[in-house]
Protein chains: 2
Amino acid sequence: MARTPNPKLGARRRIQILRAAATCFTRKGFHQTTMVDICTAAGLSAGGLYRYFKTKDDIIVAFAEEERIENEPLIRVLQETNDPVAALTGITPHILVAFSDLDYGRLAVEALAEASRNSRVKQALARNEEELTQAIAHALARGQSAGQVRKTFAADQLATTVMMLYSGLASRGILDPAYTPRAYEQLVNELLDRLLRP
Amino acid sequence: MARTPNPKLGARRRIQILRAAATCFTRKGFHQTTMVDICTAAGLSAGGLYRYFKTKDDIIVAFAEEERIENEPLIRVLQETNDPVAALTGITPHILVAFSDLDYGRLAVEALAEASRNSRVKQALARNEEELTQAIAHALARGQSAGQVRKTFAADQLATTVMMLYSGLASRGILDPAYTPRAYEQLVNELLDRLLRP
DNA sequence: ACCTGAACACCGTTCAAGT
DNA sequence: ACCTGAACACCGTTCAAGT
């Protein structure tokens, strides 16, 4: 009988638990989700789960860290483009659709609320945000050199403004049920254009 | 000995409890604040509080409804102005300072997260948001008639975009400790100008 | 090693008893 | 009428006991 831990099983269980947690969090939010809810969804007993996550908090942190992956394709597009403003306006429909998914917006806002109290969640989200902001800033800086982007503001200021606009979009659907992303696509893109072009 | 309730006392107690709750919420957030925390801060016993608020939820809802008052001065400015774009850019420093107060941003995000699960909180915030959006939209519509505001987008679409920008500003400080509102004042105002002017 | 379920501590809410 | 504090139910976490 093996007495050494099985890393394969551990990894599998963590994924299984995180997937279960994501379902529960989407339905009920972080704080109304019960450990037993997650256990049931994951098919484990109450105590069993604690072998893989020390606390509920750890599950939330791990969940927040997973968001990071979703940025990769956007970052790649920004790195490879030779017209950053066009790249951003091209991304807009993608952003709008993702953000208008109510589940996504809810979890994003909930994670942000959590971040303001929980430094580990904050770190995970901040790193995420920082990565994307940097990618935008670098692309815009290249655009400034090429004369495609206005030079009256620093590239990182412009990038931060773009991010603020995006995060405003993310939470829009929560309070306004009549909000439709399509209606704002053209508007947002023209705004980006006017903000960024010389 | 009086057997009829004393409405004066009731009103006083509610204010006293809400004030205590606000302090606790700012420190710990809605969910990490304990009923006993609020009771202690308000100088009441555990059971005593329940004479004035039936549940913790009711306290949160009442708290969310209070935010509404803060909009009044902004709305008045928008109603009285004869240059809505100038009015909005004039408001920006005020908005930026209020939003860059971390406590304010935290509570705003927390309330929004709460709204996505709690329909009464949602209603309170939505009404608040609606009022302000309407005020901006009306002002912009007047500006469109007067030729000060572009006519290529509907006034309410423009107003919603302005609101999204503002709400992006509100949450900015949570993840980015280096964020300073002053640095964005000029940028935001130029953005508003470019967005709204013909 | 991995898992279970009973047990414990904590927090929202209630209620009998006080003034 | 208004208030208190003990009591109850629920949930995060632990741990002795099973395989």
Side-chain angles (χ1 to χ4, degrees), chain A residues 1-25 27-64 110 113-114 117-118 120-121, chain B residues 1-25 27-64 110 113-114 117-118 120-121:
Chain A
M1 57 214 66
R3 287 286 106 138
T4 53
N6 178 346
K8 275 276 178 55
L9 176 61
R12 191 148 42 84
R13 283 273 184 275
R14 281 181 65 95
I15 291 170
Q16 173 185 353
I17 290 165
L18 280 177
R19 199 158 290 170
T23 310
C24 296
F25 290 160
R27 258 203 288 271
K28 298 194 180 185
F30 295 155
H31 294 290
Q32 319 227 38
T33 292
T34 279
M35 280 294 113
V36 173
D37 288 341
I38 299 176
C39 294
T40 306
L44 277 172
S45 69
L49 189 149
Y50 281 84
R51 177 165 277 270
Y52 303 101
F53 289 95
K54 270 215 280 287
T55 65
K56 188 182 179 181
D57 233 59
D58 285 2
I59 298 179
I60 294 174
V61 170
F63 175 80
E110 187 130 4
E114 197 63 23
R117 309 284 162 199
N118 180 329
R120 286 157 69 216
V121 171
Chain B
M1 56 214 66
R3 286 287 106 138
T4 53
N6 178 346
K8 275 276 181 50
L9 176 61
R12 191 149 42 83
R13 284 272 184 276
R14 282 182 64 96
I15 291 170
Q16 173 186 352
I17 291 165
L18 281 176
R19 199 157 291 168
T23 310
C24 296
F25 290 161
R27 259 202 288 270
K28 296 195 183 185
F30 294 156
H31 294 290
Q32 319 227 37
T33 292
T34 279
M35 280 293 112
V36 172
D37 288 341
I38 300 176
C39 293
T40 306
L44 277 173
S45 70
L49 188 149
Y50 280 84
R51 177 165 277 272
Y52 303 101
F53 289 94
K54 271 215 280 285
T55 65
K56 187 182 180 184
D57 234 59
D58 285 3
I59 298 180
I60 294 174
V61 170
F63 175 81
E110 187 130 4
E114 198 62 23
R117 310 283 162 201
N118 180 330
R120 288 157 69 216
V121 172

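Chain identifiers are assigned alphabetically (A, B, ...) following the order of the sequence lines, protein sequences preceding nucleic acid strands; residue numbering begins at 1 within each chain.
Minimum atom distance to the side chain of A:Pro5 is reached by C:dA1, of the listed C:dA1, C:dC3, D:dT13. Distance from the side chain of B:Thr34 is smallest for C:dC11 among the nucleotides C:dC11, D:dA1, C:dT13. Of the candidates C:dC2, D:dG5, C:dG12, C:dC2 carries the atom nearest the A:Leu9 side chain, counting heavy atoms from C-beta on. The side chain of B:Lys56 sits closest to C:dG12 out of C:dC3, D:dC3, C:dG12. The B:Met35 side chain lies nearest to C:dT13 when the options are C:dT13, D:dT13, D:dC2.
Judged purely by atom type and a 3.5 angstrom limit, A:Lys56 uses its side chain to pair as donor or acceptor with the backbone of A:Thr33. Between the B:Gln16 side chain and the B:Ala42 main chain, a donor and an acceptor come within less than 3.5 Å of each other.
Comment: B:Arg120 engages B:Asp58 in a salt bridge, judged by a side-chain N to carboxylate O separation of less than 4.0 angstrom.
Pairing for D:dG5 is with C:dC15, a Watson-Crick or G-U wobble pair whose two hydrogen-bonding atom distances lie under 3.5 Å.
Each of A:Gln32 and A:Gly48 has a nearest nucleotide on DNA chain D; the 5'-most of these lies closest to A:Gln32. Each of A:Ala46 and B:Leu49 was matched to the nucleotide of DNA chain D holding its nearest heavy atom; the match closer to the 5' end belongs to B:Leu49.
Among the protein residues, B:Tyr52 comes within range of the sugar-phosphate backbone only, with heavy atoms under 4.0 Å from sugar or phosphate atoms but none that close to a base.
When the side-chain nitrogen and oxygen atoms of B:Arg13 are compared with OP1 and OP2 of D:dC3, one or more of them lie within a distance under 4.0 Å. For the OP1/OP2 pair of C:dT13 and a distance below 4.0 Å, the side-chain nitrogens and oxygens of B:Tyr50 include at least one atom meeting the criterion.
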(message) Please evaluate residues A:Arg51 and A:Leu44 with respect to the criterion side chain to side chain contact (heavy atoms under 4.5 Å, CB included), reporting the C-alpha separation (whole Å), side-chain torsions for both, the decisive distance (0.1 Å), and the verdict.
(response) CA-CA 11 Å; A:Arg51 177 165 277 270; A:Leu44 277 172; over 6 Å; no
